Amino acid sequence: MGCDGGTIPKRHELVKGPKKVEKVDKDAELVAQWNYCTLSQEILRRPIVACELGRLYNKDAVIEFLLDKSAEKALGKAASHIKSIKNVTELKLSDNPAWEGDKGNTKGDKHDDLQRARFICPVVGLEMNGRHRFCFLRCCGCVFSERALKEIKAEVCHTCGAAFQEDDVIVLNGTKEDVDVLKARMEERRLRAKLEKKPQGHQKLRQGSLKKPALILERRKTTWLPKAQQQ
């Protein structure tokens, strides 16, 4: 009755196990991205910041990373693009009322609730758990879902009213394509900032150098005048 060497297993029976493992790995990755600091791998605690590529960090971990001048830094690749504290934005996050993490039980022990998202979109109420796309604005640090950005089209922030441009919108924990776009924008923005600084320095140099020849010419004119006119 079966299993006699003549039965042929079906394809879904062979791949059933690996699919479950893959799903577990993806769930674990989502939990890690949205609940733990990219640098220190510790659970995210306020103040929380995000970089120009949309990764989440504890602010103290970024400061410690910038102060560490050693050649080898743990997980340094995850923050190699962060050259200054100005390269990160402190986030204004909206707490999820349903989140039960960080609450002590009767024995006094504390736990972190990873089943529910700690933060939500203040506009449409979606949980910030990786199942919905979220973004923040570089100009103000406010965080909300991408759905809110699309449904309520405006040129000002939905929560604080600050004016923003398309370049200010940073997708949090986006796809590889999202990161590639954000990286290109970051490099273009930094190059533009460098170019804007250079002309100012040259202009000051020109202004300073022009004053001296003008003064020399003025002095020469007085010497060229006849003695009667000089008097």
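Model, not experiment: these values are computed from the prediction.
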Report the distance from atom [atom1] of [X] to atom [atom2] of [Y], rounding to the nearest 0.5 Å.
X	Y	atom1	atom2	answer
C140	D168	SG	CG	8.0 Å
D60	L67	CG	CG	11.0 Å
C157	L137	SG	CG	5.0 Å
E52	R138	CD	CZ	6.0 Å
L53	L172	CG	CG	11.5 Å
K153	E155	NZ	CD	12.0 Å

Main-chain N/O of [Y] paired to [X] side chain as donor or acceptor, under 3.5 Å:
X	Y	value
S94	C121	no
R55	A79	no
H158	I152	yes

> Under 4.0 Å between a Lys/Arg side-chain N and an Asp/Glu carboxylate O for E100 and R116?
Replying inline: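 Judged by the 4.0 Å cut-off on N to carboxylate O distance, E100 and R116 do not form a salt bridge.
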Does [X] reach the side chain of [Y], with side-chain heavy atoms less than 4.5 Å apart?
X	Y	result
K183	H81	no
R118	N96	no
L44	N58	yes
F119	D95	yes
M186	N87	no
Y57	F65	no
K92	T159	no
F144	C135	yes

> CZ of R192: more than 12 outside heavy atoms within 6.0 angstrom?
Replying inline: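 Check passes, neighbour count above 12.
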>> Does atom CZ (R147) have a neighbourhood of more than 12 heavy atoms from anything else shown, all under 6.0 Å?
In response: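 Atom CZ in R147 is not crowded, with 12 or fewer foreign heavy atoms closer than 6.0 Å.
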Work out which heavy atom in [X] is nearest to a heavy atom in [Y]; give both atom names and the distance.
X	Y	answer
G174	V179	O-CG2, 4.2 Å
C139	A163	SG-O, 3.6 Å
T89	G141	CG2-CA, 3.7 Å
V169	L182	O-CD2, 4.1 Å
I170	C51	CG2-O, 4.0 Å
V143	M128	CG1-SD, 3.8 Å

Test of understanding: clusters of I, L, V, M, F, W, Y form through side-chain heavy atoms closer than 4.5 Å, transitively. Do [X] and [Y] belong to the same one?
X	Y	answer
V88	L66	yes
I43	V31	yes
I85	V49	yes
I120	L126	no
I48	L39	no

> N129 and L30: side-chain contact (heavy atoms from CB on, under 4.5 Å), yes or no, with the steps?
Replying inline: CA-CA 7 Å; N129 54 13; L30 281 177; over 6 Å; no
> side chain to side chain donor-acceptor pair (under 3.5 Å) between D178 and T175: does it pass, once the steps are laid out?
Replying inline: CA-CA 5 Å; D178 292 327; T175 62; 3.1 Å; yes
>> Show, in sequence, the C-alpha distance, side-chain angles and deciding distance for E187 and L191, and conclude whether the side-chain contact (heavy atoms from CB on, under 4.5 Å) test is met.
In response: CA-CA 6 Å; E187 292 173 351; L191 179 61; over 6 Å; no
> Can you list the residues that meet the side-chain hydrogen bond (donor to acceptor under 3.5 Å, both in side chains) rule with K150, with sequence neighbours excluded?
Replying inline: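 Residues passing side-chain hydrogen bond (donor to acceptor under 3.5 Å, both in side chains) with K150: none at all.
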